[in-house]
Amino acid sequence: MKKTGLILAALLCSMIGWAQSYGILVNGKMYYQGSMTDEFEGFVQYLAHVQVSNGDQLQLYDYDNKAAWAVDLNTYSVEGFTRDGDHYNATVSGCYDFYIKLKYGADELYIGPAGAGVACGEGVDISKGEQPNPGYGGSVPAKCPDVMLQAFYWNSMEGKAGEGGGNGFGRTKWIDFLNGNNGSSAEEIGQWFDMIWFPPMSAGSGLGYHPSDYSSLSSDRGTKEKLTQMIEIIHKNGGRVIADIVINHGDAKSGWCGYASGYNFGTYGKFVPDGSYICRTDEVNNPASGAPAECVGFATGNADDGYGDEANYAASRDWDHTNENVRNMFKAYLKWMRNVVKVDGFRYDYCKGYHNSHINEYNKAAEAYFSVMEYWDGNVNTLQDRLNDAGWNTATFDFATKYTAFNDGIAADNYWKLKGAGLPGAGKSRYAVTFIDSHDSFQRDNGNEFCGNGNSMGLCKDKLLQANAYILSMPGVPCVFWPHWVTYKETIKKMINARYKAGVHSESAVSDEAGDGFYKATITGTNGEIRLLLGPNSGYNSTPSGYTLAVKGNGYGVYYKMNSARGDKNTERKDLTQGIEEVSSQPSAVRGEKVLRDGQLFIQVGEQVFDAFGRRVK
């Protein structure tokens, strides 16, 4: 391949908005896709994270043109790699960053150790016809503008339709979203929220958090038919669906250890667990736990690979994620959820129970649009450690912000605690899903509710709206809680509109100050700014010069300004199903001409056009 052709192709890609398929080829068969990074000193750069073993031969590879070659090594590359004609020889093992640096007449390759918080990529074996998927770039979108809704709360499936359900904030069975008699319909939440998180969809008890049949979608939440109707309506109105995934533990299909009928994920496989699927440290092996005699000794898997004393979940069987059969079962489950049930992303439950590196593996297999894990810990350093374990390929619920900024901050009139709180304060806002309360803290009498047990929706109304103003104005991905949404819908809509109009996203820059009775912040988006004023001494009642009032109340004011005009968020939504003619049983990468339509990547093969996930479109 001529050097000039390579450079021109790279420059063209940078102009029109997609990356050419350059990467690293190992031993002539394993291909690691590179991704375009920032230009540096005139170099167009592609970065691939590659697992290397002593004795490997490596080459630069142009996947589209099936061309392999080598260029000079950058003088600052790590030791252990030497060029030998058209390839490089490795005398070391480990995970390394390969920077393919392209500049006319000066192409080079820089090899360094994998950066902190980076996991090695997963190669595809091109000798077996495997193909990289051009549409998957990870499960934590950069500069994500999305707003999430948790569309349930504890016991919200109970009661009769229209009678408040659960704790009085609307029943949340699938049919209630279709009928709209629970305070907000599927159409409305799809228009106002980019991601809607639902409880576990598979059959099981305890709101679905004790799954008994992963492959059955008939549950106390509703039927498979109602679920798929609801998902389609949300997609048509611009929203994506986040499914709650409970794979740390699960109930047997019968008794403590009966799995005879297994799980059937169609073309993705059928799995019949046996004792090797269950951690040997599970309570089923302990007669003192109440396990029936016929089940004691059933679990023969490895010890639980979770974290500390909370690794074992004592109320259900703990899956052994070190077992490849278990991992293959859950990869099949998640692919089935993505491509048959058509959810868009995952919320992983109880992530203290298994090593978080498995989340990275599962997200890559299913190619989740978005992923968030529940690792319940208020220490921001611990949250970063767990994100690192997951290869930074998931977000996490930001318990550090919940406890510091909300429970100990706004609720206690300590507004100074809002400055630098949580993961955003640690420079990791991209990976933070900020929230005030959830089904696990709200009215659960466990000491974790905002403003104290039972107070968040009563005595603390004003402070609750202050906290919502905070998450909806600040970087991170804000997650609004269902009872807050249905109770203060019109106020929250105005907060969402301000975020949308200013273009605030998960990595927006913040300039802020805080003190006695006030927190003031300017948040810069892609289309303007938000000015957030919280606390009695913040001047929240006065509109700052150059800004427009979005909404204000007792102790809070949200103001915005735009660089260019935008309407309300719900009026500018896109039908996410529009143009989809058929969806294959699983995503497939197709090769052809890459074209852009309305800012989206498509692939044209003859007269047929596919989206980036291999789905044929009109």
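Side chains included, hydrogens not; waters and symmetry mates left out as well; all remaining heavy atoms used.
- Within the 3.5 Å criterion, the main-chain N or O of Tyr556 finds no donor-acceptor partner in the side chain of Gln466.
- Between Arg386 and Asp389 there is a salt bridge, since a side-chain N of the basic residue sits under 4.0 Å from a carboxylate O of the acidic one.
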Test side chain to side chain contact (heavy atoms under 4.5 Å, CB included) applied to Phe298 and Tyr259, step by step = CA-CA 12 Å; Phe298 169 78; Tyr259 294 94; 3.9 Å; yes
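- With values rounded to the nearest 0.5 angstrom, Met195 atom CE is found 4.5 Å from Asp146 atom CG.
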Could you check Asp304 against Arg280 for salt bridge (charged side-chain N to carboxylate O under 4.0 Å, His left out), going step by step and ending with a plain yes or no?
-> CA-CA 8 Å; Asp304 202 310; Arg280 66 172 181 263; over 6 Å; no
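- Without hydrogens or angle criteria, Asn453 side chain to Glu449 main chain gives no donor-acceptor distance under 3.5 Å.
- The two atoms that bring Ser202 and Tyr333 nearest to each other are OG-OH, 3.3 Å, heavy atoms only.
- In this structure, Phe265 and Tyr263 have tilted ring planes: the angle between them lies in the 30° to 60° band.
- Distance check: Gln384 CD to Thr382 OG1 gives 9.5 Å after rounding to the nearest 0.5 Å.
- Checking Asn448 against Asn446 by side-chain atom types alone, a donor-acceptor pair falls below 3.5 Å.
- Between Pro199 and Met157, the shortest heavy-atom contact is CG-CE, 3.2 Å.
- With 3.5 Å as the limit, one finds a donor-acceptor pair spanning the side chains of Ser316 and Asp251.
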May I have the step-by-step check of ring pair (Phe, Tyr, Trp, His ring centres under 6.0 Å) for Tyr313 and His210, ending in yes or no?
-> CA-CA 11 Å; Tyr313 186 84; His210 284 194; 5.7 Å; yes
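- The side-chain heavy atoms of Ile245 and Asp349, taken from C-beta on, include no pair separated by under 4.5 Å.
- Of all heavy-atom pairs spanning Asn393 and Gly138, the tightest one is OD1-CA, 3.4 Å.
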Under the salt bridge (charged side-chain N to carboxylate O under 4.0 Å, His left out) rule, what do Arg347 and Glu374 come out as? Steps first, then yes or no, please.
-> CA-CA 7 Å; Arg347 179 264 186 189; Glu374 179 219 27; 3.6 Å; yes
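- Once rounded to the nearest 0.5 Å, the distance linking CE of Met495 with CG of Leu472 reads 7.0 Å.
- Side chains of Ser441 and Asp437: a donor on one and an acceptor on the other come within 3.5 Å.
- Note that the OG1 atom of Thr577 and the NE2 atom of His235 stand 8.5 Å from one another [nearest 0.5 Å].
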Apply side chain to side chain contact (heavy atoms under 4.5 Å, CB included) to Ile359 and Tyr354, showing your working.
-> CA-CA 9 Å; Ile359 294 174; Tyr354 54 100; 4.0 Å; yes
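- Using a 30° and 60° split on the angle between ring planes, Trp485 and Trp192 fall in the tilted class, from 30° to 60°.
- A parallel orientation is assigned to the rings of His439 and Tyr209, their planes being inclined by less than 30° (bins at 30° and 60°).
- Tyr362 and His321 are linked by a side-chain donor-acceptor pair at a separation below 3.5 angstrom, with hydrogens and angles left out of the test.
- Cys451 contributes atom SG, which lies 10.0 Å from atom CG of Asp462 (distance to the nearest 0.5 angstrom).
- A donor-acceptor distance shorter than 3.5 angstrom exists from the side chain of Thr228 to the backbone of Glu225, with no hydrogens or angles considered.
- In terms of modelled atom types and a separation under 3.5 Å, the side chain of Thr396 and the main chain of Asp398 share no donor-acceptor contact.
- Looking at heavy atoms from C-beta onward, Met337 lies out of side-chain contact with Lys342 at the 4.5 angstrom threshold.
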Could you check Leu334 against Phe346 for side chain to side chain contact (heavy atoms under 4.5 Å, CB included), going step by step and ending with a plain yes or no?
-> CA-CA 9 Å; Leu334 296 175; Phe346 308 126; 3.9 Å; yes
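- Electrostatic pairing of Arg327 and Glu361 counts as a salt bridge here, judged by a charged N lying under 4.0 Å from a carboxylate O.
- Checked against the 6.0 Å centroid criterion, the rings of Phe152 and Phe198 do not qualify as a close aromatic pair.
- Here the closest heavy-atom approach between residue Val284 and residue Ala291 is recorded as O-CB, 3.5 Å.
- Between Phe397 and the options Tyr348, Tyr403, Trp197, a ring pair (Phe, Tyr, Trp, His ring centres under 6.0 Å) holds for only Trp197.
- In the model, Lys253 has no side-chain atom that pairs as donor or acceptor with a side-chain atom of Ser212 under 3.5 Å.
- Checked by atom type and distance alone, the side chain of Asn182 never pairs as donor or acceptor with a backbone atom of Thr172 at under 3.5 Å.
- Under 3.5 Å, the side chains of Asp318 and Tyr277 contain no donor-acceptor pair of N or O atoms.
- Asn302 and Thr322 form a side-chain donor-acceptor contact under 3.5 Å, judged by distance and modelled atom types alone.
- Between the side chains of Asn286 and Ser289, not a single donor N or O lies within less than 3.5 Å of an accepting N or O.
- With values rounded to the nearest 0.5 angstrom, Ile247 atom CD1 is found 5.5 Å from Phe330 atom CZ.
- Between the side chains of Asn363 and Ser371, a donor-acceptor pair is found at a separation under 3.5 Å.
- Inter-residue side-chain proximity for Ile492 and Ile496 is flagged as met; some heavy-atom pair is nearer than 4.5 Å.
- Under the ring pair (Phe, Tyr, Trp, His ring centres under 6.0 Å) rule, Trp482 has a single partner from Phe177, Trp154, Phe442, which is Phe177.
- A donor-acceptor pair under 3.5 Å is absent between the side-chain atoms of Tyr369 and the main chain of Val140, judged by distance alone.
- Under the 3.5 Å distance criterion, the side-chain polar atoms of Arg338 are matched with a main-chain donor or acceptor of Val343.
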From CA spacing to verdict: salt bridge (charged side-chain N to carboxylate O under 4.0 Å, His left out), Asp194, Lys569 = CA-CA 10 Å; Asp194 307 281; Lys569 182 170 184 173; 2.5 Å; yes
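- Ser276 and Asp274 share a donor-acceptor pair across their side chains, judged by distance under 3.5 Å alone.
- Annotation for Ile231 and Val341: closest pair CD1-O, 3.7 Å, computed over non-hydrogen atoms.
- Of the possible donor and acceptor atoms, one in the side chain of Lys402 sits under 3.5 Å from a partner among the backbone N and O of Ile436.
- Cation-pi geometry between Lys419 and Tyr519 is not met at under 6.0 angstrom from the ring centre and within 45 degrees of the axis.
- For the residue pair Arg171 and Asp176, the shortest heavy atom distance occurs at NE-OD2, 2.7 Å.
- Counted by atom type alone, Asn237 and Glu187 present zero donor-acceptor pairs between their side chains at under 3.5 Å.
- With 3.5 Å as the limit, one finds a donor-acceptor pair spanning the side chains of Glu283 and Asn312.
- Aromatic rings of Tyr375 and Tyr307 (six-membered ring for Trp) have centroids within the 6.0 Å cut-off, being under it.
- Between the Ser219 side chain and the Ala203 main chain, no donor and acceptor come within less than 3.5 Å of each other.
- Between the side chain of Asn339 and the backbone N or O of Lys335 there is at least one donor-acceptor pair closer than 3.5 Å.
- Between the side chains of Ser429 and Glu507, not a single donor N or O lies within less than 3.5 Å of an accepting N or O.
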